Amino acid sequence: MKKVLLSAACLGTTSVFAQVKDTLQTKNVDEVVMTASRKKENIKEVPSSITIVGEKQIQSQLTVNSDITSILQYTVPSLGTNSGQTSNTGQTLRGRQVLVLIDGVPQSTPLRNGARDLRVIDPSAIERVEVIKGASSIYGNGADGGIINYITKRNKTDKKISGISQIGFTGQNSGGTLGARASQLLTGKMNRFDYAISLAYERTGYMKDANKVYLSPTYSTAKMDNYNGMLKLGYDINDNQRVEASYIGYSSKSNLDLGLKTGKYGVTPTIGEGEGKSLETTPQGTPRNHNIRVSYDNKNLFTGTSLNVNLYYQDFKTVYGYSDTFFNGGQSNVLSKKAGARFNLDTQLWNSQNSQGEIIYGADILNDETVQKLEDGRFWTPNMSMTNIAPFLLAKIDLFKKLTIKGGLRYENIKVNVDDFNTLSVIKNDGTFTQSIPVAGGKLSYNALVGNIGLRYNIEPYINLFGSFSQAYSINELGRILRTSTSETIKNLETKPIIVNNYELGATGQISNWLNYELTSYVSTSKLGATFVQSADRALTIKRAPEIIYGVEGFLHFTPVKWLQFGGSYSWMEGITSPDDNDNYSAKINNSRISAPKVLAYLQVKPVPELFIGIDMLHSFKQDRFTPNAKTGQYTYGEGFVPDYTVFNVKVSCEVYKNWKVSLGIENFFNRLYQPSIAWWSARDSEFINSLGKRGTLIVEYKF
């Protein structure tokens, strides 16, 4: 299969706009630089929308909740609200699956999406989060809706040693909810050598709703031990050359022994009650996520040309709770190993007073081995091994310091080897089990020439226009297609890739020194999308059909005086599909992907230099896009009615001594009793759960 595609993001060329609230004084956009596009770029050189969550903003949100999925829901427009659990199911970006990375190393498992790729690092190790919104092929498979890249902390000083020590406590006004966390960051530089070391540990307590009732133990973050470690070493060979090596490890394990009391959808929530069955052979969570990366930079390989080389390896395992939906019961896991290399050359073609031109070229190589098994060794999906080799070329032209034009090509060459396997026997709606069948594996090949085009025109500081066309090319959820196979060979299955076309048009600017704004509209299409639907026996299957998603988002940031800042964002989207592929788009993509409209708002006050007060608000609008079954009165999966809700968080920090700071955060300040969106749209009794009630966090910090 060979197709010609154009992708505004395929070569790391997706543009950016930084939404940064790190200080109480609005930053000039000229100062903002992002790196997710594979080279450092000034904000005024990029022709589409991006969100950058800065270090101070992350730390401020961490004061309220250390769960990175919660931090992102409060800072990234068009990202779905979180579930409050270990799973990030439903937390899509612009209605599509997102690719998660740590320093450019892929964390997601698109061959078998386990929905635990967002919670793979402690936020104390993150310097900033760069979110590229819209279809992207920058880092390969899985970025249908965009990219979330966690950029880890690094040394920033000339001191031999400096650091940040933190200790904190969390809890609710109820017994057993006390938790604790501690983190240590050390950085330094000695001659040409520099380092960064980060360690973090958190022990959570029980989680309860606003009525002090235990939350559901399914996918629970309660009674969990979270560990995170980072070691980053760098050496400047000379003024032009640098090598860097890093290791980042993360682990989360739950010892929650809480029984499950299933409720009634829309009436009574599913809660934790009594003792669990203690059937788990392995604590649920993510027992390991190892990331190793080695990079080499040469700013002057030869005249006008720089070189960047990245080598990486990732080893990931996540484990789910016990389920009796399998014959004889069991726990499933997702195992994934990735090894890759990226070679990037940047050549300056010319550099005159009124124009500059450059080309970026190189190749990406990735091997991804993913499998889903039960802890007792039975295979739920076969072993899948994907090899992706992708050479690329990008051209960039800047004219009159106002107009930036980008375009490029990338050739995707993907091969997947699938082992033979037997499908698992799983329970059906009538209580019987499906028949296990043998499936012959084989080889799948995919090829595509992808490209990109984008333009940004900086008319005046108060009005900058940008537009782009981008595409993603991904083999998404091959494992789920295979594990529900009713055919004895993969050759008879629909395994074509997802190709997403993304069109974006926007305006951004800075009016005087106290107002920043951005307004973006987008449309994304795919001739063969993928959505979870519920079959007659209530099993989840993937529906492949043409689809269109469109939406708008925007934000305003005000800084009328130095000690006051406030603002907010709004995002809205809609998705339609043609189930019969007949150009009739009257059907809607379900709510598992199309999030309800969302408003984020914030207020930050610094009456004196030592005191900071902040309020965050999240309002999720109601979502009433489907009707229940006329006979049963029940909604099908993904189509449940979602009511609106509003949550306020409050945070206060005070510098008590020269290097000491005390912070207090209160999540769900008004102790609102509500359910996360997934509890409603999933339309299942077992998933109808309450959200966390009022909870406080106290953190003491020492800098040296």
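Note that the coordinates shown come from a computational prediction; the quantities given were computed from them, not determined experimentally.
- In the model, Asn690 has a side-chain atom that pairs as donor or acceptor with a side-chain atom of Asp209 under 3.5 Å.
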Verdict with supporting geometry, Glu701 and Arg181, salt bridge (charged side-chain N to carboxylate O under 4.0 Å, His left out): CA-CA 12 Å; Glu701 175 183 289; Arg181 65 173 283 116; over 6 Å; no

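- Here the straight-line distance linking atom OG of Ser183 with atom CG of Leu199 works out to 9.0 Å at 0.5 Å rounding.
- Remark: Lys232 fails to qualify as a cation-pi partner of Tyr195 under the 6.0 Å distance and 45° angle criteria applied to the six-membered ring.
- The line from CG of Asn289 to CD1 of Ile102 is 5.5 Å long, rounded to the nearest 0.5 Å.
- Here the straight-line distance linking atom OG of Ser108 with atom CD of Gln314 works out to 9.0 Å at 0.5 Å rounding.
- Across Gln172 and Thr177, no two heavy atoms sit closer than the pair N-OG1, 2.9 Å.
- Side chains of Tyr227 and Asp122: a donor-acceptor N/O pair is absent below 3.5 angstrom, by distance only.
- Side-chain atoms of Lys153 come within 3.5 Å of backbone N or O of Ser124 as a donor-acceptor pair.
- Between the side chains of Asp685 and Thr262, not a single donor N or O lies within less than 3.5 Å of an accepting N or O.
- At a threshold of 4.5 Å between non-hydrogen side-chain atoms, the residues Val605 and Trp563 count as touching.
- In this structure, a donor-acceptor pair under 3.5 Å is absent between the side chains of Lys598 and Thr81.
- The distance from the CZ atom of Arg96 to the OG atom of Ser136 is 13.5 Å, given to the nearest 0.5 Å.
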Full working for side chain to side chain contact (heavy atoms under 4.5 Å, CB included) between Leu256 and Tyr206: CA-CA 8 Å; Leu256 180 66; Tyr206 285 107; 3.5 Å; yes

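- Judged by distance alone, with hydrogens and angles left aside, the side-chain atoms of Ser198 form no donor-acceptor pair with the main-chain N or O of Met230 at under 3.5 Å.
- One finds the NE2 atom of His290 at 8.0 Å from the OG atom of Ser251 (value rounded to the nearest 0.5 Å).
- Side-chain contact check for Arg116 and Thr318: at least one donor-acceptor pair (N or O, by modelled atom type) lies under 3.5 Å.
- A ring-centre distance under 6.0 Å is not found for Phe641 and Trp681.
- Counting only heavy atoms from C-beta outward, the side chains of Met224 and Thr86 approach each other to under 4.5 Å.
- By the 4.5 Å heavy-atom criterion applied to side chains, Thr75 and Leu600 are not counted as neighbours.
- Between the side chain of Glu655 and the main chain of Lys661, no donor-acceptor pair closer than 3.5 Å is present.
- The closest side-chain donor-acceptor pair between Thr218 and Gln85, if any, does not fall under 3.5 angstrom.
- Put simply, CG on Leu564 and CD1 on Ile613 are 11.0 Å apart, with the number rounded to the nearest 0.5 Å.
- A pairwise comparison of heavy atoms in Ser569 and Phe555 identifies CB-CB, 3.7 Å as the closest pair.
- Applying the 6.0 Å contact sphere to OH of Tyr657 captures no more than 12 heavy atoms from other residues, nucleotides or ligands.
- Of all heavy-atom pairs between Val131 and Ile148, the closest is CG1-CG1, 4.1 Å.
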Determine, stepwise, if the pair Gln107 / Phe316 fulfils side chain to side chain contact (heavy atoms under 4.5 Å, CB included). CA-CA 8 Å; Gln107 307 298 303; Phe316 172 84; 5.7 Å; no

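- Checked by atom type and distance alone, the side chain of Gln184 pairs as donor or acceptor with a backbone atom of Ile164 at under 3.5 Å.
- Checked by atom type and distance alone, the side chain of Gln623 never pairs as donor or acceptor with a backbone atom of Val642 at under 3.5 Å.
- In terms of the salt bridge (Lys or Arg N to Asp or Glu O under 4.0 Å) criterion, residue partners of Lys156 (sequence neighbours excluded) are, by chain and number, Glu55, Glu127.
- Between Lys261 and Thr268, every side-chain heavy-atom pair lies at or beyond the 4.5 Å cut-off.
- Side-chain atoms of Asp103 come within 3.5 Å of backbone atoms of Thr152 as a donor-acceptor pair (strictly under, hydrogens ignored).
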Using the rule given for side chain to side chain contact (heavy atoms under 4.5 Å, CB included), can you reason through Arg94 versus Ser49, listing the C-alpha separation, both sets of side-chain angles and the distance that settles it, and then say yes or no? CA-CA 12 Å; Arg94 289 188 174 179; Ser49 175; 4.1 Å; yes

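- For Asn228 against Ala125, the heavy-atom pair with the smallest separation is ND2-CB, 3.8 Å.
- In terms of heavy atoms, Pro217 sits closest to Leu260 at CD-CD1, 3.6 Å.
- Between Glu244 and Arg154, none of the side-chain N atoms (NZ, or NE/NH1/NH2) sits under 4.0 Å from a carboxylate O, so this pair counts as no salt bridge.
- A donor-acceptor pair under 3.5 Å is formed between the side chain of Asn155 and the backbone N or O of Gly188.
- You'll find the ring centres of Phe670 and Phe648 inside the 6.0 Å limit.
- With Lys212 contributing its side chain and Asn173 its backbone, the two residues share a donor-acceptor pair below 3.5 Å.
- In this structure, Asp117 contributes its side chain and Thr109 its backbone to no donor-acceptor pair below 3.5 Å.
- Around the NZ atom of Lys317, the shell of radius 6.0 Å holds more than 12 heavy atoms that belong to other residues, nucleotides or ligands.
- A 6.0 Å sphere centred on CG of Asp257 holds more than 12 heavy atoms belonging to other residues, nucleotides or ligands.
- Classified by interplanar angle (parallel below 30°, tilted 30° to 60°, perpendicular above 60°), the ring pair Phe558/Phe566 is parallel.
- Between Lys208 and Val213, every side-chain heavy-atom pair lies at or beyond the 4.5 Å cut-off.
- Contact record, Thr204 with Asn226: CG2-ND2, 4.3 Å, taken as the closest heavy-atom pair.
- The closest side-chain heavy-atom distance from Asn149 to Ile132 is not below 4.5 Å.
- Looking at Ile248 and Val105, their side chains never come closer than 4.5 Å, going by heavy atoms from C-beta outward.
- Judged purely by distance below 3.5 Å, without hydrogens or angles, the side chains of Thr281 and Glu375 never pair a donor atom with an acceptor atom.
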Asn668 and Leu692: side chain to side chain contact (heavy atoms under 4.5 Å, CB included), yes or no, with the steps? CA-CA 8 Å; Asn668 192 1; Leu692 188 67; over 6 Å; no

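- A heavy-atom distance below 4.5 Å is not found between the side chains of Val647 and Arg672.
- Ion pair Lys651/Asp616 flagged as a salt bridge, since at least one NZ, NE, NH1 or NH2 atom sits closer than 4.0 Å to an Asp/Glu carboxylate oxygen.
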